[in-house]
Amino acid sequence: MTGNILTLAASTFLETVRDRIFYLVAVFGFVMLASTAILSPLTVGAQGKIMADVGLASMVIIGLLVVIFVGSSMVRKELDKGTIVTILSKPVGRREYLLGKFLGLNLTLVSMLAVMGLVFLLMMFLAPGSFSLRFLGAIYLTFLELTLINAVVVFFSTSVSPILAAVFTLGVFAVGHLSQSIRDFGQLQDGLFQRQVSELVYYLTPNLEVFNLRGAVVHGTPVSAEHLVMATVYCLAWTVLLLVVAGSIFSRKELRGE
Amino acid sequence: MSTRMKTILRLISLVAAMLVIVVVLRVYDAQEEGVAQQERLYFPSGNFLVESTLGFREAAADYLWFRFIQYYGAFSLGQNDFRYFDLLIDGITKLDPQFEEAYYFASLVCWSSFGDIERSIDMLKRGILANPDKAKLPFQIGFIYYVIEHDYQRAGHWFDVAGRCSDATDKEQRFAAFARYKGGDARVSLALWKNLYQSTDSPQMKELALKMIDKIKNKIEFQKRYPRNFIGPIREI
């Protein structure tokens with residue numbers, strides 16, 4: 001079983017490599033260079049901060065683009081090509097297939113974040129007084145956030161078309177960053193119903209602000225080990241939940257030719 | 001039509017398309033020139049920005065910071081009346097409350113361009129609330145009181161505050177000691193110089209501290225021997 005999952009993960013990873021997804025890392029390098037070379041005259045004493053902000057935000061944006069565009073069409077592509085039927089005709093379960101796909105895309109994410117992280121740390125090292133190992137905490141939290149989004153896109157890709165999966169995932173990303181505000185807003189309402197709905201929204205959507213300590217890290221606040229553990233557990237819980245539900249939907253899905 | 005001819009035609013069409021793009025942009029820019037610069041700018045409130053930028057608040061603050069610098073540059077050239085100053089600063093500092101440089105620069109603009117010292121200090125105090133352990137902002141308040149207001153007591157207080165921050169250097173303590181001395185608080189100044197002498201690693205600073213300690217001790221001694229109501233010949237000390 002594990003062997004099947006790992007094989008599928010490896011093939012998904014190789015597929016993204018063949019799709020030249022890693023070109024996006026070059027885009028990241030360019031963004032980092034631009035933020036230092038082109039924008040530095042405009043930074044007025046805040047060059048290190050701006051470089052760090054731009055670098056960390058670019059990692060999230062590039063990772064999000066990869067997850068959404070690759071993840072949303074991952075299953076559909078194989079359905080259209082019919083390769084999924086060949087894979088599932090072998091002793092590979094549907095849940096294994098889905099998990100393999102998820103892990104493959106996550107492997108792509110890890111590789112991209114590792115390269116982008118190295119480029120980022122190198123650039124920060126070259127900028128006087130800007131380097132700090134605290135950034136590793138922020139990069140790890142970015143990885144957790146993107147892993148959760150990966151699970152969300154896998155969940156949607158099993159039930160709706162790629163375009164809808166992409167739109168819904170973007171929606172979850174937006175709501176995930178607003179869920180605290182939605183709850184706070186709900187608590188200000190007079191009606192009990194509104195308050196309960198906002199509370200429900202808060203618990204039914206992933207709170208992505210848990211993974212957003214980029215600003216604090218840039219301003220020199222270290223990420224505590226406790227927070228890292230909490231965020232990891234939170235990410236794992238959501239990922240397991242989404243993959244289990246996605247697996248249930250996918251195992252009931254009617255596939256052509258099977 | 002020969003292949004060569006087709007290639008030439010393609011090249012011509014490319015150049016023509018580029019020309020059209022440039023001309024359209026030029027016409028557009030010419031039309032925009034008549035409109036006041038500030039009309040192009042619309043800045044929503046800081047609270048709205050915090051919610052609408054999702055997880056990219058700091059990057060959005062940086063973008064607004066660039067706009068602010070450009071806007072200030074245009075204001076310096078007389079191209080706008082800086083009416084969006086408050087909105088921009090509010091946006092930047094709401095998006096990234098710990099953006100020290102924004103408070104610092106805004107304070108600088110307040111007293112240098114508007115001559116509004118109170119607002120300038122207020123801006124720095126806002127920054128201190130968000131960054132209570134950063135020496136730069138209280139030091140700047142002290143500096144304003146020292147250089148512009150000549151209020152050495154208050155300046156000394158703010159230099160003291162700066163000196164207690166975790167990123168403080170000898171500079172803050174030195175300024176605090178100088179300001180107290182200038183403000184007539186010789187005993188506090190003496191204590192500060194002694195403290196600086198003990199804590200500094202710099203030989204130059206030790207030398208300066210020692211010089212100031214001697215000077216202040218002499219002054220205190222002088223004041224002791226010759227109080228304000230003293231009438232008579234003054235002996236050499």
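Lettering follows sequence order; numbering is per chain, from 1.
Atom CZ in B/R57 sits 8.5 Å away from atom CZ in A/R214 (nearest 0.5 Å). Atom-to-atom distance recorded for B/E101:CD and A/I50:CD1 is 8.5 Å, nearest 0.5 angstrom.
The number of heavy atoms from other shown groups lying within 6.0 Å of CG (B/L210) is above 12. With a 6.0 Å radius and a threshold of 12 heavy atoms from other residues, nucleotides or ligands, B/F66 has its CZ atom above the threshold. Counted within 6.0 Å of CZ on A/R134, heavy atoms from surrounding residues, nucleotides or ligands total more than 12; the atom is thus considered enclosed. Under a cut-off of 6.0 angstrom, the local environment of OH in B/Y63 is sparse, with at most 12 non-hydrogen atoms contributed by other residues, nucleotides or ligands. Counted within 6.0 Å of CZ on B/F114, heavy atoms from surrounding residues, nucleotides or ligands total more than 12; the atom is thus considered enclosed.
For a residue to count as touching a neighbouring chain, one of its non-hydrogen atoms must lie under 4.5 Å from one of that chain's; by this rule B/Y104 does not touch chain A. Heavy-atom distances place both the backbone and the side chain of B/L54 under 4.5 Å from chain A.
Sorted by first and then second residue, the ring pair (Phe, Tyr, Trp, His ring centres under 6.0 Å) pairs with a member in residues 128-176 of chain A read A/F120-A/F135, A/F125-A/F131, A/F156-A/F168, A/F173-A/H177; sequence neighbours excluded.
Looking only at heavy-atom pairs under 4.5 Å with chain B, the residue among A/A216, A/A174, A/S58, A/A52 that has the most is A/A174.
With contacts defined as side-chain heavy-atom distances shorter than 4.5 Å, the pair B/E58/A/V218 does not qualify. Side-chain contact check for A/I61 versus B/F56: some heavy-atom pair is nearer than 4.5 Å.
Residues of residues 187-210 of chain A lying under 4.5 angstrom from chain B, judged on non-hydrogen atoms, are A/E209 in numerical order.
The closest side-chain donor-acceptor pair between A/H219 and B/N131, if any, does not fall under 3.5 angstrom.
Of all the heavy atoms in A/A46 and B/W65, the pair that sits closest is CB-NE1, 4.4 Å.
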